[in-house]
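Just so it is clear, the structure is predicted and the values come from calculations on it, not from any experiment. Letters A, B, ... mirror the listed sequences (proteins, then strands); counts begin at 1.
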Amino acid sequence: MTMDKTFDAASAEARITAAWDAGHAFAAGANAKPGAPAFSVVIPPPNVTGSLHIGHAFNNTLQDILVRWHRMRGFDTLWQPGQDHAGIATQMVVERRMAEAGGPGRREIGREEFLRRVWAWKQESGGTITGQLKRLGASLDWSRNAFTMSGAPGAPAGEEGNFHDAVIRVFVEMYDKGLIYRGKRLVNWDPHFETAISDLEVENIEKDGRMWHFKYPLAGGETYEYVERDADGRVTLRETRDYISIATTRPETMLGDGAVAVHPGDARYAPIVGKLCEIPVGPREHRRLIPIITDDYPDPDFGSGAVKITGAHDFNDYGVAMRNGIPLYALMDGRAHMRIDGLPYAESAAIATRAARGEDVGDVGTVNLVPDDLRGLDRLEARERVVAAIDAEGLSVTGADGNPLVERKKIMQPFGDRSGVVIEPMLTDQWFVDTARIVGPALEAVRSGRTKILPEQHEKVYFHWLENIEPWTISRQLWWGHQIPVWYGLDLAAEGFRDDEGDGALDHVELFRLLNEGGLVHGGEIHHAAADFAAVADAFRDDIAGLPRPLEVARVVEVADRAAAIDTFARALADYNLTQDPTHLVYPVWRDPDVLDTWFSSGLWPIGTLGWPEDTPELRKYFPTDVLVTGFDIIFFWVARMMMMQLAVVGDVPFRTVYVHGLVRDEKGAKMSKSKGNVIDPLDLIDAYGADALRFTLTGMAAMGRDPKLGPRHVEANRNFVTKIWNATRFAEMNGVFAAPAQGMPQPAHTVNRWIMGEVARARLAVDEALGAYRFNEAANVLYAFVWGQVCDWYVEFAKPLFDGDHADETRATMRWVIEQSITLLHPIMPFVTEEIWALTDARPKMLVHGDWPEYGAELIDPEADRQMNWVIGLIEGVRSARAQMGVPAGARLDLIVTEADDAARAALTANGPLIERLARVNPPVPGNAGRGMIAVAAPGASLALPIGDVIDVAAETARLQKAAARTEKDAAGLRGRLGNAKFVENADAQVIAETREKLAELDEELARLKSALAQLAAL
RNA sequence: GGGUGAUUAGCUCAGCGGUAGAGCGCUUCGUUCACAUCGAAGAUGUCAGCGGUUCAAAUCCGUUAUCACCCA
């Protein structure tokens, strides 16, 4: 066998991936020792339509290292793969593709057809990322691939699985326990996707904005003394005003104002609190009046200190409105256009005015306070019109120049993280998880250490978020997702439905009142949750059973929506009226069209992928999982929710450790983004340098709590490392190291071989310690320094002269072992090149992916071999340094004269003569005296001299030795200072003191040798 | 406004109580039979500033400055 000069990553990776696949190398439990403990990891599921970006590469490299390490150690290992259906993102992609193809939109083709296309797209693109993960070498058990929408209705063949069952079951259980509720709340509304989103999906970004100042005239032309004072209470402004000044960044929302609020302690407005003022927009004849109220929310020092309250379109205002009983007037539709539905403006304004005077006007959902000329406009267009109208009327506050005062300033605006459009707070009916009721165990689990978050600083962030948790909006007005398993029915028990005679039966007069008086249209709804229609029908039957005759026998049927339900029910009543046949009566129910937030289902990822709600062997064996490796960006989205949901559903933590890694940045530390154009594609790097180089680079940068900064040159450097390992093996192979059969751990006699075995043991201990503490970068650095710095730089060189001689056999055996141990230790980080070397160098019973992780340790360290080889290395470095600095040609072979040597030094010289001769390029050492034309080299216990010619540059040699002496002197002085300090000797560890003394002695000796050399030089 | 982290060689970063390291870059030398995707030698740092704790501080504490990120 001959090896090429370099490792051909591209061809080897494909071949090795195929071999791992064929051997089911990554299957759960592969390579497990009998009775071994389990080690399980679930992948953070990538979006099914996604492709591998550098963050995935980083995340999965770290997981793979842990997984491969445990698998080699014989744990019963599972790394669970899968993908997330990613509701909004996927729906967006499919809709965009449909638009690009010029076809009809989703509303035209309908829900069923649209979902069919999403599934088709999923099946087409879902494999992309799995293929890319394989290229990275990720050792996931692909036979268990999971999907968060598997088993959903409409899923095509090949998408079986029970994730959907798990999601629905959890929803129903939480619904039944009252942990999920429906409510009309102000939510973040994405006008692009026309769906509610959660707080976490909103990004607040500071943008240039405008702030307008308007006058709200007091009702009836009233006036008051407006007085401003400075900090000392001196009056700085006093004037009579007939208005209150309001600042706003969103003038269009003035249309829906329900009040003006001032701080209760604000003396400026005390005279007018409780009075009414006028909103300075809308048709003059219907100008609305709103009350001036007090609330703690307004900041007296900000703007005018008075705040307009639009409860239906601002979260802060919503709070004020709820506290003060201010009506919430919705102004916009789902696209954030001004409403066109509801009552005409005049009627609406009249109702609102009655409300402002304190009358109870009931539900204001149909009240539309958008003036007729603004209805249907985009909100931004409406804003300009509103401003223009107020300016025209002279009700803008003017600045010093007499023009309307418009401040240009930075304002925080909410944006949808997927759509990028400005989010609109909207009053809608949504489903919520009552997170406050399930957060306790999730907090407790981390506080008690049942689940550990690393690095620890993230625990604080976790606590802070969970301690201030808001209800979680889980309904989304999308189609791609788990449809909410809730059915609604008309509330026939509500008022408006009357049994006049109280005889427990309905006559046709009573029945028809439901229809004629619009009782159904404006009536309420009841709802139940269940896994399917059959189950939910039972629940409704229980409700119906309590109704008067003949409705108690109505059949529960499913219809499309509320309108269809009313229609169906009316027809049934009509039919009954004619036939008096109660079997014709039906009670129509309709299913909630919304789907669940993607994170609701991915929140069940740990149990869902293991087969829950079935009681599977995998669930019993691999749950709770051992470690979750993830980025800090989804601690709230995902980690915290998995904690809450797993604890709520199965009463256990989903994982014992959460390892939080950083965000991969570009070389300059900037976030990668498409708009900046600094995105690095991991596949490009794999193509250019191989997966091992990329993995090793990312691992070396994975310092806990830091963001890796990645550039191609880093990967290139580690590709060189791959080449280095490859060539060390190639050298060994060329020297017959792998020719003889392996014999297990060698028992060499030669110092060099004994020394390197100790170095292997040190590396193994350090790697295990580093990985055990999730210090990935340390593991990579240890291996790099060991393989390159020890094995390649020294051991291979030392071994060369040993290949012919008394120690040839043991040296071959040792080198074989060293290389096999090196690639074993490297395999979790660099699986491909190590697997390739493993296969090339011998016929092996099993692949390295199932290799045996070593367990030896310090017992392999031979202190004497250690001491001697360090001495030899020091000497060689000393000679090389002296030669180079004195300009001796690299090829010249010099004599080596030993002018002085103690027994240890003499022994080391004798035992390692050939090594020293070769690496220092000197002749065999001979005793002698320093003399003319020689340069000096000092080593512990020995002084040596190198004749480099008849005439040397005495000045240069003197300078060289003086410089070395000065450096040694300085170090020695520092140590002497410490040892001279009585407090140091008193307080420091005995070992530290001993080490310091030893070090000082060495330095003193070196210094003496240098000085002696200088003296001799001067004497010549 | 609140929180978290960072500031170490020209660049990118490790180290986080015992007197500074790596990679890349730079300089000089080298076609010695594994590797030029290499080898040898070398230069470069008041470890952001100030103050404190300690026998001892890049490392712990406080503070200032600058930068970054998260949450309002």
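- Look at the P atom in both B/G2 and B/C16: the space between them is 32 Å, to the nearest Å.
- Taking atom P on both B/C33 and B/G45, the two are 37 Å apart, rounded to the nearest angstrom.
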**OP:** Indicate for each nucleotide in nucleotides 34-41 of chain B, in 5' to 3' sequence, whether protein heavy atoms under 4.0 Å reach the base (B), only the sugar-phosphate (S), or nothing (-).
**Re:** BBSBSSSS
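- A donor-acceptor contact shorter than 3.5 Å links the side chain of A/N727 to the backbone of A/T723.
- Of the residues listed (A/D1004, A/D971, A/T996), the one engaging A/R976 in a side chain to side chain donor-acceptor pair (under 3.5 Å) is A/D1004, and it is the only one.
- Among the duplex regions that RNA chain B forms, those built from at least three successive Watson-Crick or G-U pairs under 3.5 Å are B:1-7 with B:65-71, B:10-13 with B:21-24, B:26-30 with B:38-42, B:48-52 with B:60-64, ordered by first number.
- The same atom, P, is picked in B/G5 and in B/U63; the two are 13 Å apart, to the nearest Å.
- Rounded to a whole angstrom, the distance from the C1' atom of B/C26 to that of B/U31 is 23 Å.
- Annotation: B/A58 and B/A14 have their C1' atoms spaced 12 Å apart (nearest Å).
- Nucleotides B/U44 and B/U28 have their C1' atoms positioned 15 Å apart, rounded to a whole Å.
- What separates CZ of A/F798 from P of B/U32 is a distance of 20 Å, to the nearest Å.
- A distance of about 11 Å separates the C1' atoms of B/A9 and B/G25, rounded to the whole Å.
- Rounded to whole Å, atom P of B/C69 lies 10 Å from atom CG of A/D707.
- Taking the six-membered ring where tryptophan is involved, the planes of A/Y659 and A/Y774 are essentially parallel, since the angle between them stays under 30° and well short of 60°.
- A search for side-chain hydrogen bond (donor to acceptor under 3.5 Å, both in side chains) contacts involving A/W472 returns A/D597, not counting sequence neighbours.
- Below 30°, between 30° and 60°, or above 60°: for A/F721 and A/Y784 the angle between ring planes is between 30° and 60°, a tilted geometry.
- What separates NZ of A/K970 from C1' of B/A20 is a distance of 11 Å, to the nearest Å.
- Judged purely by atom type and a 3.5 angstrom limit, A/R816 uses its side chain to pair as donor or acceptor with the backbone of A/A740.
- The backbone N or O of A/P455 lies less than 3.5 Å from no partner atom in the side chain of A/H458, so there is not a single donor-acceptor pair.
- Separating the CD atom of A/E203 from the P atom of B/C69 is a distance of 12 Å, rounded to the nearest angstrom.
- Position along RNA chain B of the nearest nucleotide to A/R921 versus A/A703 favours A/A703 as the more 5'-ward residue.
- Using P as the reference atom, B/G42 and B/G23 are 14 Å apart when rounded to the nearest Å.
- Atom pair A/M701:CE and B/G21:C1' shows a separation of 16 Å (rounding to whole Å applied).
- Rounded to whole Å, the distance from CZ on A/F776 to C1' on B/A22 is 20 Å.
- Atom CG in A/L466 sits roughly 14 Å away from atom P in B/C71 (whole-Å rounding).
- In summary, of the residues considered (A/I829, A/V833, A/T61), a side chain to side chain contact (heavy atoms under 4.5 Å, CB included) with A/F696 occurs for A/I829 alone.
- Residue A/K963 is in sugar-phosphate contact alone, with no base atom involved, counting any heavy-atom pair closer than 4.0 Å across all strands shown.
- Listed by chain and number, the residues in a salt bridge (charged side-chain N to carboxylate O under 4.0 Å, His left out) with A/R323 are A/D295 (sequence neighbours excluded).
- For A/A939 against A/L944, the heavy-atom pair with the smallest separation is CB-CD1, 4.3 Å.
- Checked by atom type and distance alone, the side chain of A/E459 pairs as donor or acceptor with a backbone atom of A/I453 at under 3.5 Å.
- Legend: residues meeting salt bridge (charged side-chain N to carboxylate O under 4.0 Å, His left out) with A/E836, ordered by chain and number and at least two apart, are A/R15.
- As a whole-Å value, the separation of A/F632 CZ from B/G3 C1' is 14 Å.
- Between the side chain of A/E733 and the main chain of A/M3, no donor-acceptor pair closer than 3.5 Å is present.
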Subject >> Sugar-phosphate or base contact per nucleotide [nucleotides 52-62 of chain B; S, B, -; heavy atom under 4.0 Å] >> reply: ---B-------
